[in-house]
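Below is one structure, written out as structure tokens, with a few remarks after it.
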Amino acid sequence: MTPPKKNNSLLINIAFVGVAVGLLAFLLRAPEITTPKLPHDDEHERFFAMKKKTAGKICVECHSPEGVYPLPEDHPPKYRCLFCHRRD
Ligand code: HEC
Ligand code: HEC
């Protein structure tokens, strides 16, 4: 009789492939998170030429609770605006 070890490793390989396919399917179905890019408009055009750090300090003049366009309450952490809101 052959040792049972070989059969087991085949089963493990099949299980592994199954899990990998399942994970891949899950990831492909997950909704894409879309972070709005820095808009090209009168409000924002000047920031494209600035250093990220300089520009980032000015954002909150408008994007704060007192500003003209407050951030939504569920906005993610916001220390470096341009790290997430890309300029291109
Ligand atoms: C002078 C005021 C002002 C400043 C300063 C400003 N914004 Fe805005 N921002 C607005 C207004 C008004 C809107 C909404 C209308 C629009 O999209 O332009 C907006 C919209 C946005 C949006 C949403 C765009 C979309 O597609 O939904 C993002 C992202 C944004 N700003 C990022 C920034 C960042 C990052 C900075 C700093 C580099 C910044 N803003 C500085 C006024 C400002
Ligand atoms: C960690 C990544 C991250 C950082 C840092 C960040 N944001 Fe955002 N921001 C997002 C995402 C993601 C959304 C889209 C949220 C949604 O649609 O619910 C968003 C949405 C916005 C919007 C659009 C809100 C609307 O109602 O249209 C504005 C304006 C904005 N961010 C400004 C800023 C400013 C200004 C800063 C810096 C003070 C900043 N963000 C920093 C990820 C980020």
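No hydrogens, no waters, no symmetry mates; every other heavy atom, side chains included, goes into these values. This one's a predicted model, so the numbers in the text were calculated from it and none came from an experiment. Note that ligands are numbered from 1 as they come in the structure, with each ligand's atoms numbered from 1 the same way.
- Atom CD of E73 and atom NE2 of H75 lie 13.0 Å apart (nearest 0.5 Å).
- Between H63 and ligand 1, at least one pair of N/O atoms sits closer than 3.5 Å.
- The shortest heavy-atom contact between C81 and C59 is SG-SG, 3.6 Å.
- Annotation: K52, atom NZ; neighbour count of heavy atoms from other residues, nucleotides and ligands within 6.0 Å is above 12.
- Residue P77 touches ligand 2 through its backbone alone, judged by heavy-atom distances below 4.0 Å.
- Relative orientation of the Y69 and H63 rings is perpendicular, given thresholds of 30° and 60° on the angle between their planes.
- For ligand 2, the atoms sitting less than 4.0 Å from at least one non-hydrogen atom of T35 are 10 (C), 11 (C), 12 (C), 42 (C), numbered in the order shown with element in parentheses.
- E43 CG, 3.4 Å is the protein heavy atom nearest to atom 42 (C) of ligand 1.
- Assignment of F83 to the shell around ligand 2 is not supported, since no heavy atom sits closer than 4.0 Å.
- Protein heavy atom nearest atom 16 (C) of ligand 1, with residue, atom name and distance: D41 OD2, 3.3 Å.
- Distances from atom 40 (N) of ligand 2 to the protein include at least one heavy-atom value under 4.0 Å.
- Both F48 and M50 belong to a single network of hydrophobic side chains, linked directly or stepwise wherever heavy atoms of I, L, V, M, F, W or Y lie under 4.5 Å apart.
- Of the options C84, P39, C59, S64, the smallest heavy-atom separation from atom 36 (C) of ligand 1 is shown by C59.
- With a cut-off of 2.8 Å, atom 8 (Fe) of ligand 2 has an N, O or S atom of H85 in range.
- Under 4.0 Å from ligand 1, not a single heavy atom of R86 appears.
- If you look at H44 and ask which of its N, O or S atoms sits nearest atom 8 (Fe) of ligand 1, the answer is NE2.
- Of the protein's heavy atoms, T34 O, 5.0 Å lies nearest to atom 17 (O) of ligand 2.
- Close contacts between ligand 1 and A55 involve ligand atoms 37 (C), 38 (C) [criterion: under 4.0 Å to a heavy atom].
- Under the 4.0 angstrom criterion, atom 31 (N) of ligand 2 counts as having a protein heavy-atom contact.
- For atom 25 (C) of ligand 2, the nearest protein heavy atom lies under 4.0 Å away.
- Among all non-hydrogen protein atoms, the one lying nearest atom 15 (C) of ligand 2 is P76 CD, 4.7 Å.
- Ranking the protein heavy atoms by distance from atom 37 (C) of ligand 2 puts C81 SG, 1.9 Å first.
- Listed by atom number, the atoms of ligand 2 under 4.0 Å from K78 heavy atoms are 5 (C), 37 (C), 38 (C), 41 (C).
- Atom CG of D42 is surrounded by 12 or fewer heavy atoms from other residues, nucleotides or ligands within 6.0 Å.
- Looking only at distances, a side-chain donor or acceptor of H85 sits under 3.5 Å from a matching main-chain atom of P36.
- Here the heavy atom of the protein found nearest to atom 28 (C) of ligand 2 is L71 CD2, 3.5 Å.
- For atom 6 (C) of ligand 2, the closest non-hydrogen atom on the protein side is H75 CE1, 3.2 Å.
- Residue C62: no N/O/S atom is found under 2.8 Å from atom 8 (Fe) of ligand 1.
- What sits closest to atom 27 (O) of ligand 1 on the protein, heavy atoms only, is P36 CB, 4.0 Å.
- Per-residue contacts place R46 under 4.0 angstrom from the following atoms of ligand 1 (heavy atoms of the residue considered): 5 (C).
- Close approach to R80 involves these atoms of ligand 2, each under 4.0 Å from a residue heavy atom: 5 (C).
- Of the polar atoms of D74, none of the N or O atoms is found under 3.5 Å from an N or O of ligand 2, judged by distance alone.
- Placement of L82 and I58 within a single hydrophobic cluster is found when ILVMFWY residues are connected by side-chain heavy-atom separations under 4.5 Å, directly or transitively.
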